[in-house]
Amino acid sequence: MHHQSFNSFEMAQSQFDKIADLIGLDEAMRDLLRSPLREYQFLIPIRMDDGRAKIFRGFRVVHNDARGPGKGGIRFHPQETIDTIRALAMWMTWKCALIDIPLGGSHGGVVCDPHNLSLREQKQICRGWVRKLFKDLGPLVDVPAPEIMTNPQHMLWMLDEYEAIRGEKLPGFITGKPIGMGGSVGRQEAAGFGLVFVLREALKELNILPEDTTASVQGFGNVGQYATKLYQQMGGKVVCVSCWDQKDETSNSYKKESGVDFDSLLSITDRFGGIDKKRALDLGYEVLPGSDWLEQDVDILIPAAIENQITIDHAKKLRPRVKIIAEGANGPTTSEADQVISERKIFLIPDILANAGGVTCSYFEQVQSNMNYYWEKDEVLGKLDVKMTAAFNSVLALAKKKKLSLRDAAFFIAVSRVAQACKDRDWV
Ligand code: NAD
């Protein structure tokens, strides 16, 4: 999969610096919050199926845990770097604070490509990752979750390894587990649905009816799929979906002016969120270059793939009709592009708000796992809606009051809360 050399952590730090100035944080607080509290880098030796040994590189970064145990995903990606992980850990701290759940921010990963690994090899990597880190993981310490190219099965292997080492059942150790094995109903839907809950509030604020809108989505994995599903249920029409094509080693955009049919598109999508090009052509989709999803004449753009996808060149070329950008992915918009988007008065719902549904439901899963009592789906999604809507309203209110962009307002609230927790603990 494609990764640009752009450094996400520098972007996360410059976002922080800007907000630190706005809030007026003192030097010690800045030093504490602009870098991770702790980091782990380690090697995981695996016996491959052909009998050879192979060494994989693993990471875990805890950015801040003043408000509660670390919480964050584990990404499997061939171009994974410590800097991307630092950025994601930091964004996670802000996200948990903004949505107001008692968790801190962490993130981890392994440099590997599951496309080219057997299930047994993937299982070895999962178990190896836990064996290297178990002392610094746990329901009250740091709680992992799935992220790009990791799934409920990976989480269950990790849980099994952790419980074997600890000698007790601790389902609150990890989230994103399979339903029936400690998973929460609604977790699969959570990030995409949460995005649509705040999108619904944004449309209300702008006085636009969902049924009068069209959207273009980048990514048709977990987030992109469920965002598309609920947005269409709400009456909107997704006319273009872009995703990575593993065979062609490039991204493609799939366009259907009359709107994508969710179920048939899903039926030709693999477990990594890749759409089968030939079958898409058979279904009447137009296949366009990967970045064309951004050039569509739509009201709403939903980047839900990876970092650094909307650059300044793209931002300048966005159609005049674009009114809302809802960031499903983490860090999809570069800082320069952000500037242009804000000058163009596009209503941008920032990542730490728009995609917070995932971690919010992870928190619900952890709560259910710790008490070993599981809620019904309506209850989970209802509670998710309450949390997302409340966070949206507080961000919007502060943005209006202080004349800030939604992004700056969201970071302002989040950073203030984390700084307050550090102060209350007498760390600074
Ligand atoms: P996923 O692995 O399920 O899907 C990723 C999708 O992005 C796939 O459709 C893939 O084809 C596509 N993609 C990858 N590289 C691309 C490229 N260069 N161009 C176009 N498409 C590309 O991942 P996911 O869980 O849906 O996560 C997507 C994003 O949302 C990530 O940034 C992740 O950090 C963020 N996020 C996910 C969750 C969650 O709960 N799943 C929560 C919060 C944020």
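Each ligand, and each atom within it, is numbered from 1 in the order the structure gives. Because the structure is a prediction, the values reported are computed rather than measured.
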Checklist entry - Polar-atom distance check: Lys95 versus ligand 1, any N or O pair below 3.5 Å? => result no

Checklist entry - Do any N or O atoms from the side chain of Gln218 and from the backbone of Ile302 form a donor-acceptor pair under 3.5 angstrom? => result no

Checklist entry - Between His107 and Phe59, is the ring centre distance below 6.0 Å? => result no

Item to check | For Ala191, atoms of ligand 1 separated by under 4.0 Å from a heavy atom | outcome: 38 (C), 39 (C), 40 (O), 42 (C)

Checklist entry - Can an N or O of Asn330 be found at a distance shorter than 3.5 Å from an N or O of ligand 1? => result yes

Checklist entry - Is the CE atom of Met181 crowded by more than 12 outside heavy atoms at less than 6.0 Å? => result no

Checklist entry - Given that the side chain starts at C-beta and the backbone is N, CA, C, O, which of these parts of Ala304 lies under 4.0 Å from ligand 1, counting heavy atoms, or is it both or neither? => result backbone

Checklist entry - Nearest non-hydrogen atom to atom 24 (P) of ligand 1 belongs to which of Val223, Leu195, Asp351? => result Val223

Item to check | Selection from Gly221, Ala305, Gly273 by shortest heavy-atom distance to atom 29 (C) of ligand 1 | outcome: Ala305

Checklist entry - Can you tell which of Lys237, Lys323, Arg319 makes a salt bridge (Lys or Arg N to Asp or Glu O under 4.0 Å) with Asp299? => result Lys323

Checklist outcome for this item: Checking heavy-atom distances from atom 19 (N) of ligand 1 to each of Cys243, Ser251, Ala227, the winner is Ser251

Item to check | Contact with ligand 1 for Arg75, non-hydrogen, under 4.0 angstrom | outcome: yes

Going by atom type alone, with no hydrogens or angles, which donor-acceptor pairs under 3.5 Å involve a side-chain atom of residues 182-195 and a protein atom two or more places apart or on another chain?
residue : atom : partner : partner atom : Å
Ser184  : OG   : Gln368  : NE2          : 3.0
Arg187  : NE   : Ser362  : OG           : 3.1
Glu189  : OE2  : Lys377  : NZ           : 2.6

Return all side-chain donor-acceptor pairs below 3.5 angstrom for residues 287-298, not counting sequence neighbours, or 'none' if the list is empty.
residue : atom : partner : partner atom : Å
Gln296  : OE1  : Lys255  : NZ           : 3.0
Gln296  : NE2  : Asp292  : O            : 2.8

Checklist entry - Going by the atom numbers of ligand 1, which of them fall below 4.0 Å from some non-hydrogen atom of Met149? => result 2 (O)

Item to check | Spatial distance of atom CG (Leu301) from atom CD (Glu327) [nearest 0.5 Å] | outcome: 11.0 Å

Item to check | Aromatic Phe42 / basic Lys132 pairing, under 6.0 angstrom, 45° off normal | outcome: no

Next on the checklist: For a 4.5 angstrom cut-off between non-hydrogen side-chain atoms, does Arg60 reach Trp129?
Outcome noted: yes

Item to check | Contact with ligand 1 for Ser242, non-hydrogen, under 4.0 angstrom | outcome: yes

Next on the checklist: Consider ring pair (Phe, Tyr, Trp, His ring centres under 6.0 Å). Of Trp94, Phe16, Phe9, Trp91, which one does His63 pass it with?
Outcome noted: Trp94

Next on the checklist: Considering Gly219, Gly328, Ala356 one by one, which has a heavy atom nearer to atom 30 (O) of ligand 1 than any of the others?
Outcome noted: Gly328

Next on the checklist: Is Arg187 close enough to touch ligand 1? Criterion: a residue heavy atom under 4.0 Å from a ligand atom.
Outcome noted: yes

Item to check | Phe220-ligand 1 polar pair, N/O distance under 3.5 Å | outcome: yes

Next on the checklist: Are Tyr162 and Phe173, when compared by the centres of their aromatic rings, separated by less than 6.0 Å?
Outcome noted: yes

Checklist entry - Quick one: which of Phe272, Trp244, Tyr226 has a heavy atom closest to atom 8 (C) of ligand 1? => result Phe272

Checklist outcome for this item: Numbered in order shown, the ligand 1 atoms found under 4.0 Å of a heavy atom of Glu147 are 33 (C), 34 (O)

Checklist entry - With respect to atom 44 (C) of ligand 1, which of Val359, Asn355, Thr269 exhibits the smallest heavy-atom separation? => result Asn355

Checklist entry - Given that the side chain starts at C-beta and the backbone is N, CA, C, O, which of these parts of Gln218 lies under 4.0 Å from ligand 1, counting heavy atoms, or is it both or neither? => result side chain

